[in-house]
Amino acid sequence: MKPKVAFFDFTGCEGCQLQVLNCEDELLDILGAIEIVNFREASSVKLDNYDIAFGEGSISTPTCVERVKKIREKAKILVTLGACASTGGLNALKNFQPLEEVRRYVYGDKADCFETIPVRPVDQVVKVDYKIHGCPVDKEEFIETVTALLFGREPKVPKYPVCVECKLRENGCRFDYGELCLGPITRAGCKARCPSNNNICVGCRGLLDDPNTDAANDVLKKYGLTAEELLKKYRLFYGYSEVAQ
Ligand code: SF4
Ligand code: SF4
Ligand code: SF4
């Protein structure tokens, strides 16, 4: 019996589900090993019986809360898919503004038709078994997670900062260009995608479990930058942790 897998979206752009569909070379193998029973972006099949649920998007409405609780009740394993679901992601920027103002700004005179609550990552509402980070998720990490779940082992994900992957690619450091990069405190796994394309890391994969804050402070000091400047950048993807403190 193949495990039944379902994909659900809460508040997000659905780019992470698109990344799953982008696994073109591996998709047939994946489909040979699992049965997809719910995936709105790819299929009209809609069954309510599943073993593994992937949840994309943050929790930002009472309906999201209700849905994620029901999904948790049914799924043996719940995995968050991407920054919105895993850490709150970009959506958490809403939490820094008066909610009513945000609602009126977005929906205008139809605002009363749309409910809103402060944004939360999924694990602040229900228990989450695994998280796949990134905006969007990395295809290889998704495949590694699915493979690990099928074999009943822990997914192998990097526990070091983006800087390690960046150095291995022999990139010039963005700090040397007068920029503030979040690579030293951000969990790796994206192959340093942004610095490898001459951009700073803005932390979409979230804070490392055990960041070396002393080393990060030393880097800031060396380049005449402050922790406040770092936090301003950090808020883009990790604002939830800031307001939750
Ligand atoms: S993490 Fe990024 S790509 Fe994924 S749903 Fe959220 S905004 Fe979209
Ligand atoms: S560019 Fe960013 S990720 Fe790369 S080494 Fe410098 S600080 Fe680290
Ligand atoms: S370099 Fe940073 S912002 Fe870019 S993909 Fe990797 S973790 Fe995300």
Side-chain angles (χ1 to χ4, degrees), residues 7-23 39-41 54-60 64 68 79-94 119-123 128 131-142 145 157-209 211-213 215-223 225 229-230 233-240:
F7 289 81
F8 298 100
D9 43 83
F10 305 107
T11 305
C13 77
E14 302 194 11
C16 288
Q17 290 183 82
L18 203 55
Q19 275 290 81
V20 172
L21 296 176
N22 280 343
C23 298
F39 195 165
R40 190 175 58 82
E41 206 168 287
F54 287 92
E56 177 205 67
S58 36
I59 305 301
S60 74
C64 292
V68 79
V79 186
T80 51
L81 197 59
C84 294
S86 303
T87 60
L90 292 170
N91 289 319
L93 287 173
K94 179 175 87 168
V119 166
R120 279 177 283 173
V122 172
D123 70 356
V128 167
K131 293 180 177 182
I132 306 181
H133 292 278
C135 177
V137 292
D138 182 78
K139 286 196 288 184
E140 284 175 23
E141 190 170 332
F142 169 75
T145 306
V157 286
K159 295 194 179 349
Y160 42 79
V162 172
C163 288
V164 172
E165 293 179 327
C166 189
K167 294 290 181 202
L168 285 170
R169 277 165 180 72
E170 301 185 357
N171 297 327
C173 182
R174 301 319 300 171
F175 279 99
D176 287 333
Y177 292 91
E179 295 168 320
L180 197 167
C181 178
L182 295 186
I185 54 166
T186 301
R187 67 163 59 75
C190 60
K191 305 169 196 74
R193 195 185 301 150
C194 301
S196 301
N197 287 288
N198 301 323
N199 290 308
I200 57 165
C201 167
V202 288
C204 82
R205 291 182 54 81
L207 185 67
L208 270 169
D209 287 341
N212 186 339
T213 46
N217 270 323
D218 289 347
V219 173
L220 289 177
K221 252 188 232 152
K222 178 177 167 192
Y223 290 94
L225 297 160
E229 286 169 284
L230 181 143
K233 290 230 175 330
Y234 184 76
R235 180 178 284 189
L236 182 65
F237 273 103
Y238 222 55
Y240 175 76

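Whatever order the structure lists them in is the order used to number ligands and atoms, beginning at 1. Just so you know, these numbers come straight off a predicted model, no measurement behind them.
With a 4.0 Å heavy-atom cut-off, ligand 1 is reached by the backbone of E14 but not by any atom from C-beta on. With a 4.0 Å heavy-atom cut-off, ligand 2 is reached by the side chain of C181 but not by its N, CA, C or O.
Annotation: side chain of V122 is in contact with side chain of I59 (closest heavy-atom distance under 4.5 Å).
Panel note: side chain N197, backbone R193; a donor-acceptor pair is recorded below 3.5 Å. Of the possible donor and acceptor atoms, none in the side chain of Q19 sits under 3.5 Å from a partner among the backbone N and O of P136. In this structure, the side chain of R187 engages the main chain of R205 through a donor-acceptor pair within 3.5 Å.
Looking only at protein heavy atoms, the nearest one to atom 2 (Fe) of ligand 1 is C135 SG, 2.3 Å. Atom 8 (Fe) of ligand 2 has C163 SG, 2.3 Å as its closest protein atom, hydrogens excluded (heavy atom only). Summary of contacts: the protein heavy atom closest to atom 1 (S) of ligand 1 is A83 N, 3.3 Å. The protein atom (non-hydrogen) at minimum distance from atom 4 (Fe) of ligand 2 is C166 SG, 2.3 Å.
Numbered from 1 in the order shown, with element, the atoms of ligand 2 that lie under 4.0 Å from a heavy atom of G183 read 3 (S). With ligand atoms numbered from 1 in the order given, ligand 1 contributes 1 (S), 3 (S), 4 (Fe) to contacts under 4.0 Å with heavy atoms of C16. Listed by atom number, the atoms of ligand 1 under 4.0 Å from E56 heavy atoms are 5 (S). Atoms of ligand 2 lying under 4.0 Å from any heavy atom of F175, numbered from 1 in the order shown and given with element: 7 (S).
Between F39 and F54, the ring centre distance reaches or exceeds 6.0 Å.
Around atom 4 (Fe) of ligand 3, the protein N, O or S atoms closer than 2.8 Å are C194 SG, listed by chain and residue number.
In this model, a donor atom of one side chain and an acceptor atom of the other lie less than 3.5 Å apart for S196 and N171. Y223 and D176 share a donor-acceptor pair across their side chains, judged by distance under 3.5 Å alone.
Atom CG of N91 is separated from atom SG of C64 by 9.0 Å, given to the nearest 0.5 angstrom. Within the model, atoms CG of L230 and OG1 of T213 stand 11.0 Å from one another, a figure rounded to the nearest 0.5 Å.
With respect to T80, the side chain to side chain contact (heavy atoms under 4.5 Å, CB included) criterion is satisfied by exactly one of H133, K131, E56: K131.
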(request) Under the salt bridge (Lys or Arg N to Asp or Glu O under 4.0 Å) rule, what do D138 and K191 come out as? Steps first, then yes or no, please. (result) CA-CA 9 Å; D138 182 78; K191 305 169 196 74; 3.3 Å; yes
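With C84, G134, G15, C13 as candidates, the residue nearest to atom 6 (Fe) of ligand 1 on a non-hydrogen basis is C84.
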